[in-house]
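Please read the structure below before turning to the comments.
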Amino acid sequence: MDLPERESMEFDVVIVGAGPAGLAAAIRLKQIAAVAGSEISVVVVEKGSEVGAHILSGVVVDPIGLDRLLPGWRTDPERPLKTQVNRDEFLYLGPAGGVRLPNVFMPRLMDNHGNYVGSLGNVCRYLARKAEELGVEIYPGFAGSEVLIDSDNRVVGIATGDLGIGKDGKRKDNFTRGMELRAKYTIFGEGVRGNLSKQLVHHYGLANGRDHQKYGIGIKELWEVRPEKHRPGLVQHSMGWPLPNRAGGGSWLYHFEDNLVSVGFVVHLNYANPTLSPFDEFQRFKTHPRIRDVFEGGKRIGYGARAIVEGGWQSVPRLTFPGGCLVGDSAGFVNVPRIKGSHNAILSGMLCAEHVAKALAAGRANDEVASYEEAWRSSEIGYDLFRVRNIKPLWSKYGTLAGVTLGGLDMWMNELLKWSFFGTMSHGKPDHESLQPIGEAKAIEYPKPDGVLTFDKLSSVFLSNTNHEEDQPSHLVIKDPAIPIAHNLPRYGEPARLYCPAGVYEVVYADAAQRTDPRFVINAQNCVHCKTCDIKDPLQNIMWVPPEGGGGPNYVNM
Ligand SMILES: Cc1cc2nc3c(=O)[nH]c(=O)nc-3n(C[C@H](O)[C@H](O)[C@H](O)COP(=O)(O)OP(=O)(O)OC[C@H]3O[C@@H](n4cnc5c(N)ncnc54)[C@H](O)[C@@H]3O)c2cc1C
Ligand code: SF4
């Protein structure tokens, strides 16, 4: 297609993604410029319709990052986090009961007292206001869809996607060419499995010599519960039932202000049984006798899902390349046993900004800010990840009971002796290679939803306020359209039907009873941008690319 030239704008720094990492980087750059009496022009692009629209997290926030970025935030009347953790419980669940693990057995780093419970989307909205007050330009509704790389193999910015292209690939009347945002340095804070970050990791070989990246899928609901069931500041985690011992994961249940409870479930994406459905495991979890009582008489008001990055210390790619850097979850900075990454996202945004600002002050441009890569392992982020580096590999290797017990011992060894008996373990294979053939798996049957405590996918997606322009090319690109039916269906029962938390993928039959003429159907408009299909498809045949800017979920208080 013969396309008109793109308009182009020049900045010192372009940031992709208005999550905590990208916004912290933007704020820090402006703070440094203000102190130095200089000017750094900064723009942030965000694919959600507004800042926070695509942010999904637990969330219990370790305030170390916010305290350092905005020291006065705790007394700001507009602060987004108001509930501090006052009770921290950890449960091991069996099918009918459970035991609470005594807090004294938990390593200190797992303690949540002093952390804050709330909505990470609202934290981002707050950070965006602070960034704008400092002069950062934020463009929500614009997805970074292409990295601009010059003839010297340096990143020189990004391009936003074209608007107004129809399903048939032809330009519609409202066609608008994307913009080129050119910069001396480009910071990629796209969160987990960012589409541009993934290309950069491949293009510059950033993961060479590092372990495979690992992931989980987190599915969340927001409930308004009855006042007598609400205990603001209570944080509860569980593992065990309903997941089998060989599948990793667990739940969270966080009470915060206004009778709100955030409840969610993470399933590690290296599960083997192709009949496992993370969404349905979550629905079953809520029916447990130790859990269900909280929701009685309450109302579910929000739903969403997002992958979570789990590889940790040994899987972090090289963070720098000519002209750009990775921050936050795009860098892989989640602490898995703590289920926390927002503090490291903020700290990494700040650390990156400090090194980029130094390079700008020295008159440099579009080269590699290698000092950021050299600095992170000896920073708080490195310390946070290093001491938990074996938890995920132990869990994957030995299952929940033995793996988590060994992991607990390992965390104690790291805490007390600064040493681990296990050294640094490897993760083994990537998540898309973990499925066993359906013929070898024990089929899991899930109960039907009751519509009160448990729900189906479509009514859930409705609560995510997901919306996409329907007349556009699918943003779920199937590289070989034959694979879902010819390979994935006979071998694995086409697992996309089950791992997708939004019911996007279906196999429909001409005659359902006889199972004749199967067809693979993609309901792309339901996609909540969790990225699980991009990670888990067994032959890596599904590629998630950004739809038209502004499309996707519109999360509120998530
Ligand atoms: C289920 C779940 C529970 C969690 N619970 C906790 C918790 O309790 N505590 C905690 O500290 N951490 C938690 N985390 C981790 C935490 O959410 C992340 O570490 C944190 O959000 C990472 O911040 P980020 O800025 O790197 O990425 P994100 O928060 O993912 O933000 C990335 C932003 O970039 C945008 N974007 C992506 N690609 C593009 C593009 N190409 N163009 C434009 N915009 C783009 C996205 O729309 C998004 O707004 C949880 C994560 C999950 C998934
Ligand atoms: S289509 Fe992929 S990215 Fe979208 S909701 Fe389903 S699994 Fe997640």
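Counting starts at 1 for both ligands and their atoms, in listed order. Just so it is clear, the values below take in all heavy atoms, side chains as well, and ignore hydrogens, waters and symmetry mates.
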Would you check if there is a donor-acceptor pair between the side chains of E494 and Y492 at a distance under 3.5 Å? no
So does E433 pair up with K536, basic N to acidic O under 4.0 Å? no
So, regarding D329 and ligand 1 (criterion: nitrogen or oxygen to nitrogen or oxygen, under 3.5 Å), is there a contact or not? yes
Could you list the residues that satisfy ring-ring contact (aromatic ring centres under 6.0 Å, His included) with F142, not counting sequence neighbours? none
N195: numbered ligand 1 atoms lying under 4.0 Å from its heavy atoms: 41 (N)
Does ligand 1 have a heavy atom under 4.0 Å from the side chain of D62, from its backbone, from both, or from neither? neither
Students often mix this up, so state it plainly: with edges at 30° and 60°, are the rings of F455 and W223 parallel, tilted or perpendicular? tilted
Might you work through the side-chain contact (heavy atoms from CB on, under 4.5 Å) test for Y303 and F279, ending with a clear yes or no? CA-CA 11 Å; Y303 172 82; F279 174 88; 3.2 Å; yes
Just need the protein heavy atom nearest to atom 50 (C) of ligand 1, so name the residue and atom and give the distance. S57 OG, 3.2 Å
Pair Q525-E470, side-chain donor/acceptor within less than 3.5 Å: no
Is the closest N or O pair between H343 and ligand 1 shorter than 3.5 Å? no
For N335 and N344, test the side chains for any donor-to-acceptor distance below 3.5 angstrom and give the result as yes or no. no
Give the numbers and elements of all ligand 1 atoms closer than 4.0 Å to a heavy atom of A345. 22 (C), 23 (O)
Identify, by atom number and element, the atoms of ligand 1 in contact range of R306, meaning under 4.0 Å from any of its heavy atoms. 30 (O), 53 (C)
Taking 4.0 angstrom as the limit, do R177 and D162 come out as a salt bridge? yes
Counting from 1, what ligand 1 atoms have a heavy atom of I339 closer than 4.0 Å? 5 (N), 6 (C), 7 (C), 8 (O), 9 (N), 10 (C), 12 (N), 13 (C)
Under 4.0 Å between a side-chain nitrogen and a carboxylate oxygen: does that hold for R125 and E50? yes
Quick test of your reading of the model: are R193 and D329 salt-bridged, counting only N-O distances below 4.0 Å? no
Of all protein heavy atoms, the one nearest atom 44 (N) of ligand 1 is K47 N, 3.0 Å
Can the ring centroids of H237 and Y254 be said to lie less than 6.0 angstrom from one another? yes
Close-contact set for ligand 1 against I55 heavy atoms, below 4.0 Å: 29 (O), 31 (O), 48 (C), 49 (O)
Which protein heavy atom lies closest to atom 42 (N) of ligand 1, and at what distance to 0.1 Å? G144 N, 2.8 Å
How close does the nearest protein non-hydrogen atom get to atom 11 (O) of ligand 1, and which residue and atom is it? S342 OG, 2.6 Å
If you measure from each non-hydrogen atom of I219 to ligand 1, which part falls under 4.0 Å: side chain, backbone, both or neither? neither
Heavy atom to atom 41 (N) of ligand 1, shortest distance: which of E190, M558, K531 holds it? E190
Are D534 and N195 linked by a side-chain donor-acceptor pair shorter than 3.5 Å? no
So that I can tick it off, tell me whether E132 and K130 are bridged by a salt bridge, with the cut-off set at under 4.0 angstrom between side-chain N and carboxylate O. no
Closest protein heavy atom (residue, atom, distance) for atom 51 (C) of ligand 1: I308 CD1, 3.5 Å
On the 0 to 90° scale, with breaks at 30° and 60°, tag the H529-H475 ring pair as parallel, tilted or perpendicular. tilted
Could you tell me whether V59 approaches ligand 1 through its side chain, its backbone, both or neither, with non-hydrogen atoms closer than 4.0 Å? both
With a cutoff of 4.0 Å, is E46 in contact with ligand 1, counting heavy atoms of the residue only? yes
Less than 3.5 Å between some nitrogen or oxygen of K340 and one of ligand 1, yes or no? no
Ligand-residue contact atoms, ligand 1 with G328, heavy atoms, under 4.0 Å: 26 (O)
Looking only at N/O atoms, are V334 and ligand 1 under 3.5 Å apart anywhere? no
Out of G58, G349, G341, the nearest non-hydrogen contact to atom 5 (N) of ligand 1 is supplied by G58
Which is it for A21 and ligand 1 at heavy atoms under 4.0 Å: side chain, backbone, both or neither? both
I want to know if ligand 1 touches G22 in the polar sense, i.e. an N/O pair below 3.5 angstrom. no
What protein heavy atom sits nearest atom 34 (O) of ligand 1, and how far away is it? G17 CA, 3.1 Å
Ligand 1 atoms nearer than 4.0 angstrom to some heavy atom of Y254 are 8 (O)
N or O pair under 3.5 Å between G218 and ligand 1: no
Does a side-chain N-to-carboxylate-O contact under 4.0 Å join E221 and R300? yes
Indicate yes or no: does K47 engage E548 in a salt bridge with an N to O separation below 4.0 Å. no
So with a 6.0 Å cut-off around CZ of R74, is the heavy-atom count from everything else above 12? yes
Would you call the rings of Y499 and Y505 parallel, tilted or perpendicular, taking 30° and 60° as the class edges? perpendicular
Under 4.0 Å, heavy atoms only, figure out whether ligand 2 is touched by the backbone of Y499, its side chain, both or neither. neither
Please list the nearest protein heavy atom to atom 27 (O) of ligand 1 with its residue and the distance rounded to 0.1 Å. G191 CA, 3.2 Å
Tell me the protein N, O or S atoms under 2.8 Å from atom 4 (Fe) of ligand 2, in chain and number order. C527 SG
re atom 31 (O) of ligand 1, the protein heavy-atom contact at minimum distance is G19 CA, 3.4 Å
With ring centroids as reference points, do W73 and Y116 lie under 6.0 angstrom apart? yes
Does ligand 1 have any atom that is closer than 4.0 Å to a heavy atom of L120? yes
Could you check whether any side-chain heavy atom of L458 comes within less than 4.5 Å of a side-chain heavy atom of N526, counting everything from C-beta outward? yes
Does either side chain, that of N554 or that of S49, offer a donor lying less than 3.5 Å from an acceptor on the other one? yes
Say whether A143 and ligand 1 are in contact under the criterion: heavy-atom distance to a ligand atom below 4.0 Å. yes
Can we say D384 and K340 salt-bridge, meaning some charged N sits less than 4.0 Å from an Asp/Glu carboxylate O? no
Is the closest heavy-atom distance from A307 to ligand 1 below 4.0 Å? yes
Heavy atom under 4.0 Å from ligand 1: found in H54's side chain, backbone, both, or neither? side chain
Which distance, rounded to the nearest 0.5 Å, do you find between the CG of D537 and the NZ of K479? 8.5 Å
Any idea which atoms of ligand 1 are less than 4.0 Å away from a heavy-atom of V60? 7 (C), 8 (O), 9 (N), 10 (C), 11 (O)
Is there a heavy atom of G189 sitting under 4.0 angstrom from any atom of ligand 1? yes
Under a plain distance cut-off of 3.5 Å, with no hydrogens placed, do K214 and H268 share a side-chain donor-acceptor pair? no
Report yes or no: does V16 have a heavy atom closer than 4.0 Å to ligand 1? yes
Tell me whether ligand 1 is touched by W252 - counting only heavy atoms on the residue side and a distance under 4.0 Å. yes
